[in-house]
Amino acid sequence: MSSIPPVQVYKKLLAVYGPQGWWPADSPFEMMVGAILTQNTSWQNVETAIANLKAHNMLDCELIASSNLQQLGEVIRASGFYMQKARYLQQFSLFYYNNSKRKGLSKWPTSILRNRLLAVHGIGPETADSILLYALDRPVFVVDAYTKRLFMRLEHFDYELGYDSIQHYFKQRLPESLPLFQEFHALIVEHAKRFCKTKPLCSRCPLASDCPTAMGSGAEINRPKHPDVD
DNA sequence: ACCCAGGGTCATA
DNA sequence: TATGACCATGGG
């Protein structure tokens, strides 16, 4: 009962939903801000916060880095965890200011760049990879809660697997292509939002024929524990 | 009145 | 290293 290969899932999702054109942002910096603000938060709330930043003319690296913490928090309040995220935004903005100005941030190897991003307080694996993929054009596969949920449903792996294991799973099964990774992650999110909520019922899901848990059969099926083969 | 959302950090054992 | 608490708003 081998699972349908990731690239097939991609083709199917692309056929159903079409190109998503992610990430929705007017600039790389806006994209990065969005990546931080959307941590465990609905995108709708993030849109409100970003619109508010724009309304206050604060969607700027230097301005955020030097802004008053409380005031910044108020502006992004709608995104939730707003004081924590205000700190994260300042830390990141300082990092970006120090490194984007002809320091050659765009010339660093992806792995080095990733480590630098991870060293910023408030930036974990998913946020770092999102920034790499959508703001810095690095071919990196982003793993998020939707990715886990969808491919767990499709029986590719167990939900318990950590970030790096899951990323490696896709890395060894997909060609290293920037547009592929950009579209795939976007498609996974758009699809999972609609059809892979917490309930195990996927009526009318376009992937239903490939999804063992579709149509609410409720049947628990034995899943592979480790994706690593080679 | 719940449940959840495009995570990450920190304290504890 | 592995689990749990915490952060907090807005929509369903």
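Computed over heavy atoms, backbone and side chain alike; hydrogens, waters and symmetry mates excluded. Below, read A as the first sequence line, B as the second, and so on, with proteins coming before strands; counting in each chain starts at 1.
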Peer 1: Please tell me which of the listed nucleotides, C:dT9, B:dG7, B:dT9, lies nearest to the side chain of A:Tyr88?
Peer 2: B:dT9
Peer 1: Tell me the partner of B:dA1, counting only Watson-Crick (N1-N3 plus N6-O4 or O6-N4) or G-U wobble (N1-O2 and O6-N3) with both under 3.5 Å; none if nothing fits.
Peer 2: none
Peer 1: With A:Phe81, which residues qualify under ring-ring contact (aromatic ring centres under 6.0 Å, His included), at least two apart?
Peer 2: none
Peer 1: Taking atom P of B:dT9 as reference, at what distance in whole Å does atom NE2 of A:His121 sit?
Peer 2: 6 Å
Peer 1: Base, sugar-phosphate or nothing for A:Lys85? Non-hydrogen atoms, less than 4.0 Å.
Peer 2: nothing
Peer 1: NA contact type, A:Asp144, heavy-atom cut-off 4.0 Å: base, sugar-phosphate, or nothing?
Peer 2: sugar-phosphate
Peer 1: Taking the side chain as C-beta and beyond, is there a heavy-atom pair between A:Leu89 and A:Leu37 under 4.5 Å?
Peer 2: yes
Peer 1: Tell me whether A:Arg138 is salt-bridged to A:Asp129, with the criterion being a basic N under 4.0 Å from an acidic carboxylate O.
Peer 2: no
Peer 1: From OH of A:Tyr82 over to C1' of B:dG7, roughly how many Å is that when rounded to an integer?
Peer 2: 19 Å
Peer 1: Look at A:Thr38 and B:dG7 and indicate whether a side-chain polar atom (N or O) is within less than 4.0 Å of OP1 or OP2.
Peer 2: no
Peer 1: Just the rounded figure in Å: distance from P of C:dT9 to CZ of A:Arg77.
Peer 2: 5 Å
Peer 1: Rounded to the nearest angstrom, tell me the gap between atom CD1 in A:Ile131 and atom P in B:dG8.
Peer 2: 10 Å
Peer 1: A:Met83 has a side chain; which of C:dA8, C:dT9, B:dA5 sits nearest to it?
Peer 2: C:dA8
Peer 1: Output the single nucleotide from B:dA5, B:dG8, C:dT9 whose closest atom is nearest the side chain of A:Gln39.
Peer 2: B:dG8
Peer 1: With a 3.5 Å cut-off and just heavy-atom distances, do the side chain of A:Gln84 and the base of B:dG7 make a donor-acceptor pair?
Peer 2: yes
Peer 1: Between A:Asp144 and A:Lys148, is there a side-chain heavy-atom distance shorter than 4.5 Å?
Peer 2: no
Peer 1: Tell me whether the rings of A:Tyr96 and A:Phe92 are parallel (<30°), tilted (30 to 60°) or perpendicular (>60°).
Peer 2: parallel
Peer 1: Kindly point out which of B:dC10, B:dG8, B:dA5 is positioned nearest to the side chain of A:Ser42?
Peer 2: B:dA5
Peer 1: What is the distance from NZ of A:Lys148 to P of B:dC4, rounded to the nearest Å?
Peer 2: 16 Å
Peer 1: What is the distance from CZ of A:Phe81 to P of B:dG8, rounded to the nearest Å?
Peer 2: 12 Å
Peer 1: Check the distance between C:dG10's C1' and A:Ile50's CD1 and give it to me in whole angstrom.
Peer 2: 16 Å
Peer 1: Please report the distance, rounded to the nearest Å, between CG in A:Asn40 and C1' in B:dC4.
Peer 2: 9 Å
